[in-house]
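Step one of this worksheet: look at the structure below.
Within every chain, numbering begins at 1; the chains are lettered A, B, ... in the order of the sequence lines, protein sequences first and strands thereafter.
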Protein chains: 2
Amino acid sequence: MPTDLIPALAAAPPGDAARSCPLDGYTVESQVGFLLRRAHQRQTAVWQACMAEGIGEKELTPRQFSALVKVVLHGRVTQNQLGRMAAMDPATIQGVVRRLIARGLVDRALDPMDRRTAVLTATPAGVALASRGVAHARRATEKTLAPLSQTERRTLLDLLARIA
Amino acid sequence: MPTDLIPALAAAPPGDAARSCPLDGYTVESQVGFLLRRAHQRQTAVWQACMAEGIGEKELTPRQFSALVKVVLHGRVTQNQLGRMAAMDPATIQGVVRRLIARGLVDRALDPMDRRTAVLTATPAGVALASRGVAHARRATEKTLAPLSQTERRTLLDLLARIA
DNA sequence: GCTCGGTCGTTCGCACGCAAACGATCGGGC
DNA sequence: GCCCGATCGTTTGCGTGCGAACGACCGAGC
């Protein structure tokens, strides 16, 4: 299969194996998984840009922001509860929370009722940052969905929610 | 939504700060970013399941499979070229390719014309695995999109492609 | 020649994402 | 009171994802 052609033009035949049709017309870029990954990548990139120029200081990642907002809105939460709300498993939320605490955006307290758990609360700084972040988050959403009409945006959100 | 289940106590007021409305109705789970992440997570999980019971041996990850398929279909490719085709930056594709080579699915050769580049080719084992994988990949897609009608599936793919 | 801007692949560092295993603890049933 | 299964949070290990810096190399222009 590696027909030894001069690598002059990388435009070599579409792969000798391809013609013998072992993949039967399978195309990577028409797969849901691929498109979801691409779209998610792009969304993250847009987010970073909006947050960076909006908040500046050590930009918050999308996950950190989601977690922070959840803590702000829900008051006292357990770490694992938070993870479930933000769609992160215990191992992942652990790191996210650690960073939020390290930056003074979230506080941790022991629960006298259940010594296994640690109750999380947003600090004033956390609440403030979340408030300021919302505007930038909305901008990121707007920018990500820019190519779509209002109707299409609703459709997309609906379809995504149904396969999630 | 996932309103708190058991811990009666944790049902504390929806966050004192929440009532003062600092986030102005912002909800994490209605954000594109969040839904994309959720959907992508689920797709990956479904994929792993389909691949594991289908191929068994050290399941291929979705990215590894995408890259392998690209190599099979395109014959001779450069690593960075492959990265661009599969939507992975140079730092990322490096690791993916390293693993594919380690498992004997891809070969690497020096290009006498350009000593910077390394030309990649699929090994017979790589072609074979890609072929066998396609069926399982299709099953994964089917399973992921199961909640949607045929029309909705096309719509979703179209919308995703447009924001990617 | 030779310099210079651009590309190729690599490495490092950090942030997810998740399986797996762990010790500590809780709650229920006996 | 004691045992047992379930939960909580943690760590380890591996695989992405990407910015940043790097040394090697190409091609164009002087």
Side-chain angles (χ1 to χ4, degrees), chain A residues 7 10 33-34 36-49 51-52 58-67 77-84 86-103 108-120, chain B residues 5-7 10 33-34 36-49 51-52 58-67 77-84 86-103 108-120:
Chain A
F34 184 79
L36 282 173
R37 190 164 65 85
R38 285 285 284 148
H40 183 229
Q41 273 177 211
R42 199 173 120 59
Q43 200 279 328
T44 304
V46 170
W47 170 286
Q48 297 285 25
M51 270 324 194
K58 304 257 193 79
E59 342 76 27
L60 275 181
T61 68
R63 287 78 167 182
Q64 287 168 11
F65 186 72
S66 293
V77 233
T78 273
Q79 188 167 303
N80 280 3
Q81 274 173 7
L82 177 59
R84 284 189 286 270
M88 303 182 219
D89 72 77
T92 301
I93 197 68
Q94 195 269 342
V96 173
V97 167
R98 180 160 38 79
R99 281 165 218 120
L100 289 177
I101 292 176
R103 292 172 55 178
R108 177 183 216 134
L110 295 178
D111 183 341
M113 294 296 99
D114 185 341
R115 278 188 297 165
R116 291 170 304 176
T117 70
V119 180
L120 305 177
Chain B
L5 312 172
I6 322 296
F34 184 79
L36 282 172
R37 189 164 66 84
R38 284 287 283 149
H40 183 228
Q41 271 176 212
R42 197 173 118 62
Q43 200 280 328
T44 303
V46 170
W47 170 285
Q48 297 285 25
M51 268 325 193
K58 303 254 194 82
E59 343 76 28
L60 275 180
T61 68
R63 290 76 168 178
Q64 287 168 9
F65 186 72
S66 293
V77 234
T78 272
Q79 188 168 302
N80 281 4
Q81 275 172 8
L82 176 59
R84 285 188 286 270
M88 302 183 218
D89 73 77
T92 302
I93 196 69
Q94 197 268 342
V96 174
V97 167
R98 180 160 39 79
R99 280 165 219 121
L100 290 177
I101 292 177
R103 292 172 55 180
R108 178 183 216 136
L110 295 177
D111 184 340
M113 295 293 99
D114 185 342
R115 280 188 296 165
R116 289 172 305 178
T117 70
V119 180
L120 305 177

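Counting only distance, with no hydrogens or angles, the side chain of B/R37 and the backbone of A/P62 share no donor-acceptor pair below 3.5 Å. Looking only at distances, a side-chain donor or acceptor of A/T61 sits under 3.5 Å from a matching main-chain atom of A/Q64.
Remark: P of D/dG17 and CZ of B/R63 are 4 Å apart, rounded to the nearest angstrom. Spacing between atom CD1 of A/I101 and atom P of D/dG9 amounts to 11 Å, rounded to whole angstrom units. For the pair A/L82 CG and D/dT7 C1', the computed distance is 17 Å after rounding to whole Å. At whole-Å resolution of the value, CG in A/L110 and P in D/dG9 are 11 Å apart. For the pair B/F65 CZ and D/dT16 P, the interatomic distance rounds to 14 Å; values are reported in whole Å. If you take CZ of B/R98 and P of C/dC8, they are 20 Å apart, rounded to a whole angstrom. Regarding A/D111, its CG atom lies at a distance of 15 Å from the C1' atom of C/dA24, rounded to whole Å. For the pair A/R115 CZ and C/dC26 P, the interatomic distance rounds to 5 Å; values are reported in whole Å.
The side chain of B/R108 places no N or O atom within less than 4.0 Å of a non-bridging phosphate oxygen (OP1 or OP2) of C/dG9. For D/dT11, one of the phosphate oxygens OP1 or OP2 lies less than 4.0 angstrom from a side-chain nitrogen or oxygen of A/Q94. OP1 or OP2 of C/dC18 has not a single side-chain nitrogen or oxygen of B/R37 nearer than 4.0 Å. Between A/T61 and C/dC16 there is a side-chain N or O to OP1 or OP2 distance below 4.0 Å. At least one side-chain nitrogen or oxygen of B/Q64 sits closer than 4.0 Å to the OP1 or OP2 atom of D/dT16. Phosphate proximity of D/dC18 to A/Q41: present, with a side-chain N or O under 4.0 Å from OP1 or OP2. Distances shorter than 4.0 Å separate some side-chain N or O of B/R99 from OP1 or OP2 on D/dG15. In this model, the phosphate group of C/dT10 is not approached by any side-chain N or O of B/R116 to a distance below 4.0 Å at OP1 or OP2. Phosphate contact (OP1/OP2 of D/dG17, side-chain N/O of A/Q48, threshold under 4.0 Å): absent.
Minimum interatomic distance between A/F65 and A/L60 (heavy atoms only, all atoms of both residues): CD1-CD1, 4.0 Å. In terms of heavy atoms, B/R38 sits closest to A/A87 at CD-CB, 3.3 Å.
The structure places CD1 of A/I93 at 4.5 Å from CE of A/M88, a figure rounded to the nearest 0.5 Å.
A residue-by-residue look at A/D114 and A/M88 shows that A/M88 has its nearest nucleotide of DNA chain C further toward the 5' end. Positionally, the nearest nucleotide of DNA chain D for A/V119 lies more toward the 5' end than for the other of A/V119 and A/R42. The nearest heavy atom of DNA chain D to B/G95 and to B/A91 marks one nucleotide each, and the one closer to the 5' end goes with B/G95. The 5' end of DNA chain C is approached more closely, in terms of each residue's nearest nucleotide, by A/H40 than by the other of A/H40 and A/P112.
Using a 4.0 Å heavy-atom distance criterion, B/T92 is classed as a base contact. Counting any heavy atom pair closer than 4.0 Å across all strands shown, A/T78 reaches sugar-phosphate atoms only and no base atom. If you check every strand for non-hydrogen atoms under 4.0 Å, B/R84 touches sugar and phosphate atoms only. If you check every strand for non-hydrogen atoms under 4.0 Å, A/A118 touches sugar and phosphate atoms only.
Residues B/Q81 and B/V119 are not in side-chain contact: their nearest non-hydrogen atoms beyond the backbone lie 4.5 Å or more apart.
Ranking D/dC26, D/dC8, C/dC8 by closeness to the B/N80 side chain, first place goes to C/dC8.
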